[in-house]
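Note sheet for the following structure.
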Protein chains: 2
Amino acid sequence: MNSHTEENYLKAIYKLIEHDTDVVTTNAIADKIKTKAASVSDMLKKLADKKLINYQKYQGVSLTPKGQKVALNIIRKHRLWEMFLVEKLDFKWDEVHDVAEQLEHIHSDKLIAEIDKFLNYPKVDPHGDPIPDVNGKLQLQKSKSLSNFSTGDILVITGVVDHSPAFLRYLDKSGLALGFEIKIKEIIEFDKSLQIMINKKNTLFISLEVAKNILVITK
Amino acid sequence: MNSHTEENYLKAIYKLIEHDTDVVTTNAIADKIKTKAASVSDMLKKLADKKLINYQKYQGVSLTPKGQKVALNIIRKHRLWEMFLVEKLDFKWDEVHDVAEQLEHIHSDKLIAEIDKFLNYPKVDPHGDPIPDVNGKLQLQKSKSLSNFSTGDILVITGVVDHSPAFLRYLDKSGLALGFEIKIKEIIEFDKSLQIMINKKNTLFISLEVAKNILVITK
DNA sequence: AATAAAATTTAGACTAGCCTAAATTTTATT
DNA sequence: AATAAAATTTAGGCTAGTCTAAATTTTATT
């Protein structure tokens with residue numbers, strides 16, 4: 001049986017590995033799940049015994065196929081639950097994380113299959129993150145950060161990098177949401193901030209920091 | 001913080017006290033939650049320290065108002081989740097218990113309020129059990145066991161005593177469901193089994209044991 | 001290459017919950 | 001009322017997961 005805690009470790013490792021390196025450090029994990037490095041070391045030994053991770057003392061860890069499967073299943077459940085909360089229960093996209101963090105550990109294949117059906121098999125969650133399928137397959141994200149584009153480019157918002165409620169509420173307040181069209185009117189020389197037009201209607205200035213955290217595809 | 005385990009103890013105590021005595025024994029609790037009496041003794045001390053139960057060594061336990069509130073809140077969540085599973089996700093009434101047993105421990109007031117709203121504020125769960133309101137108030141059940149009635153009585157099924165999947169599936173197979181009308185055609189002298197007519201259409205024999213586990217009100 | 005700093009692991013201890021076996025208290029029976 | 005049986009509690013131990021402090025290994029810097 002996979003405990004709640006074990007699942008959280010595997011998910012953390014998966015997420016740390018996802019974009020960056022091919023190996024995660026003990027400290028990075030400790031940081032991510034808000035525990036101490038010593039506790040992580042303990043747990044890594046146990047996960048390795050169960051063949052869920054590849055682990056050599058002092059050398060960092062990666063997930064075995066078995067561990068990756070567990071991690072992706074948790075992520076699938078997390079994202080489906082987030083979708084459910086937003087689509088069916090009127091949660092805002094900045095309110096779903098903590099509850100989904102609990103719901104993702106409910107064990108019932110039927111339950112998650114029915115939720116998936118109830119939501120009509122969504123491909124992405126409310127933040128634009130892809131939802132792995134039952135086999136752990138992920139649609140690869142071809143979107144890039146808004147900060148990579150140039151004046152005149154016309155783009156569509158597909159996701160966010162930062163998922164913090166503070167950032168998400170800022171986007172709401174600025175009238176930015178997934179699926180909205182953005183045209184880069186100007187990139188300000190001084191601080192690289194962007195003047196953008198949203199849905200051909202409103203113009204808005206956003207900082208480089210904000211632009212970095214908005215994911216888009218070209219239209 | 002109320003742990004998962006703590007909540008299960010309080011729920012068990014509530015359910016054991018519900019109909020019968022005013023005090024529960026250690027063994028009864030051990031039995032209910034499938035643990036050993038020694039473990040229960042340990043836990044009772046802790047619950048008493050937290051003022052969740054009234055407990056004197058060797059004298060059995062009852063819930064304090066604080067403990068009762070926790071128990072009723074868990075029961076509320078359990079029954080709302082069962083309702084959700086049946087009404088929205090196509091679960092059968094014999095399939096919901098184990099999943100609801102997990103879902104009842106999710107902590108989020110907003111979540112359960114939204115589920116309640118989504119279901120349009122149901123008063124009873126799929127088994128006919130009343131759903132406590134946010135304050136822990138319970139609609140009192142005025143239904144009685146079908147075994148208490150006599151030939152000629154016309155009744156409506158409102159609930160079940162036994163909640164086991166086996167019994168529930170037997171009812172399904174026999175064409176019995178909540179809200180259905182029953183007329184007692186005859187009570188067989190020999191074994192007190194009943195011949196009943198369902199919804200003025202089909203007749204059926206049921207054992208005394210089965211009759212005892214069906215709750216009804218007079219029409 | 002040697003050493004200092006940083007990262008990681010080990011040792012030893014703690015808590016929540018559980019267990020078995022032994023001791024104690026209550027209840028039932030003579 | 002005394003004793004046997006049943007119920008309950010205590011004592012002592014176990015596991016999962018956490019922690020701090022100390023030891024070890026790796027990495028960075030001189």
Side-chain angles (χ1 to χ4, degrees), chain A residues 1-14 16-17 20-63 66-67 70-71 74 101-102 104-105 107, chain B residues 1-14 16-17 20-63 66-67 70-71 74 101-102 104-105 107:
Chain A
M1 286 298 93
N2 299 311
S3 79
H4 193 117
T5 308
E6 203 174 284
E7 290 173 346
N8 281 340
Y9 271 90
L10 295 171
K11 183 179 61 156
I13 295 167
Y14 180 89
L16 288 167
I17 252 167
D20 316 317
T21 53
D22 46 24
V23 139
V24 198
T25 67
T26 301
N27 268 352
I29 298 169
D31 216 65
K32 181 120 203 166
I33 66 186
K34 272 133 187 27
T35 185
K36 295 298 156 75
S39 312
V40 175
S41 276
D42 277 357
M43 182 60 71
L44 293 183
K45 242 174 294 171
K46 293 173 192 166
L47 294 175
D49 287 349
K50 293 190 177 182
K51 315 278 188 217
L52 291 162
I53 60 173
N54 305 115
Y55 174 51
Q56 312 258 89
K57 282 206 280 185
Y58 297 101
Q59 306 306 307
V61 300
S62 62
L63 295 173
K66 193 175 155 197
V70 175
I74 295 297
E101 199 95 318
Q102 297 179 64
E104 72 191 11
H105 299 291
H107 291 286
Chain B
M1 288 292 94
N2 299 310
S3 79
H4 193 118
T5 308
E6 203 174 284
E7 290 172 347
N8 281 340
Y9 271 90
L10 295 171
K11 184 178 62 155
I13 295 167
Y14 180 90
L16 288 167
I17 252 167
D20 317 317
T21 53
D22 44 25
V23 136
V24 199
T25 67
T26 301
N27 268 350
I29 298 169
D31 217 65
K32 182 119 202 165
I33 66 186
K34 273 136 186 24
T35 184
K36 294 300 155 75
S39 312
V40 175
S41 277
D42 277 359
M43 184 60 71
L44 293 183
K45 243 174 296 172
K46 293 172 192 166
L47 295 175
D49 287 349
K50 293 192 178 181
K51 313 278 187 221
L52 291 162
I53 60 173
N54 305 115
Y55 174 51
Q56 312 258 89
K57 282 207 279 186
Y58 297 101
Q59 305 305 307
V61 299
S62 62
L63 295 173
K66 193 175 155 197
V70 175
I74 295 298
E101 200 94 317
Q102 296 179 64
E104 72 190 11
H105 299 291
H107 292 286

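Note on naming: letters A, B, ... go to the chains in the order of the sequence lines (proteins, then strands), and numbering restarts at 1 for each one.
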How long is the line joining [atom1] of [X] and [atom2] of [N], in whole Å?
X: A:Met43; N: D:dC19; atom1: CE; atom2: C1'; value: 14 Å
X: B:Lys34; N: C:dG17; atom1: NZ; atom2: C1'; value: 18 Å
X: B:Lys46; N: C:dT15; atom1: NZ; atom2: C1'; value: 8 Å
X: A:Ile29; N: D:dT18; atom1: CD1; atom2: P; value: 12 Å

Residue-phosphate contact under 4.0 Å: [X] side-chain N/O, [N] OP1/OP2:
X: B:Lys36; N: C:dA21; answer: no
X: B:Thr26; N: D:dT9; answer: yes
X: B:Asn27; N: D:dT8; answer: yes
X: A:Thr35; N: D:dC19; answer: yes
X: B:Ser3; N: C:dA16; answer: no
X: B:Tyr9; N: C:dA16; answer: no

Answer whether the closest heavy-atom distance between the side chains of [X] and [Y] falls below 4.5 Å.
X: B:Leu47; Y: B:Tyr55; result: no
X: B:Val70; Y: B:Tyr9; result: no
X: B:Glu104; Y: B:Asn8; result: yes

Which part of the nucleic acid, if any, lies within reach of A:Ser41 when heavy atoms closer than 4.0 Å are counted: base, sugar-phosphate only, or nothing?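 Base contact.
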
At 4.0 Å (heavy atoms only), tell me whether A:Ser39 reaches a base, stays on the sugar-phosphate, or touches nothing.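 The answer is base, as A:Ser39 lies within the cut-off (heavy atoms under 4.0 Å) of a base atom.
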
Paired stretches of DNA chain D - 3 or more consecutive Watson-Crick or G-U pairs, each distance under 3.5 Å: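 DNA chain D stems, ordered by first number: C:1-30 with D:1-30.
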
Rounded to the nearest 0.5 Å, how far apart are [atom1] of [X] and [atom2] of [Y]?
X: B:Leu16; Y: B:Lys32; atom1: CG; atom2: NZ; value: 5.0 Å
X: A:Tyr14; Y: A:Leu10; atom1: OH; atom2: CG; value: 12.5 Å
X: A:Lys36; Y: A:Ser41; atom1: NZ; atom2: OG; value: 13.5 Å
X: A:Leu44; Y: A:Asp49; atom1: CG; atom2: CG; value: 11.0 Å

Does A:Lys66 use its side chain to pair, donor to acceptor, with the backbone of A:Lys50 at less than 3.5 Å?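 Such a contact is found between A:Lys66 side chain and A:Lys50 backbone.
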
Summary of protein contacts for nucleotides 21-28 of chain D, nucleotide by nucleotide, where a base hit scores B, a sugar-phosphate-only hit scores S (4.0 Å, heavy atoms): B--BSS--

If each of B:Lys45 and A:Asp42 is mapped to the nucleotide of DNA chain D with the nearest heavy atom, which maps nearer the 5' terminus, i.e. the 5' end?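 Between the two, 5'-proximity favours B:Lys45.
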
Where is the tightest heavy-atom contact between B:Ile74 and B:His105, given as atom of each residue plus distance?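 The pair with the smallest heavy-atom distance is CD1-ND1, 4.2 Å.
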
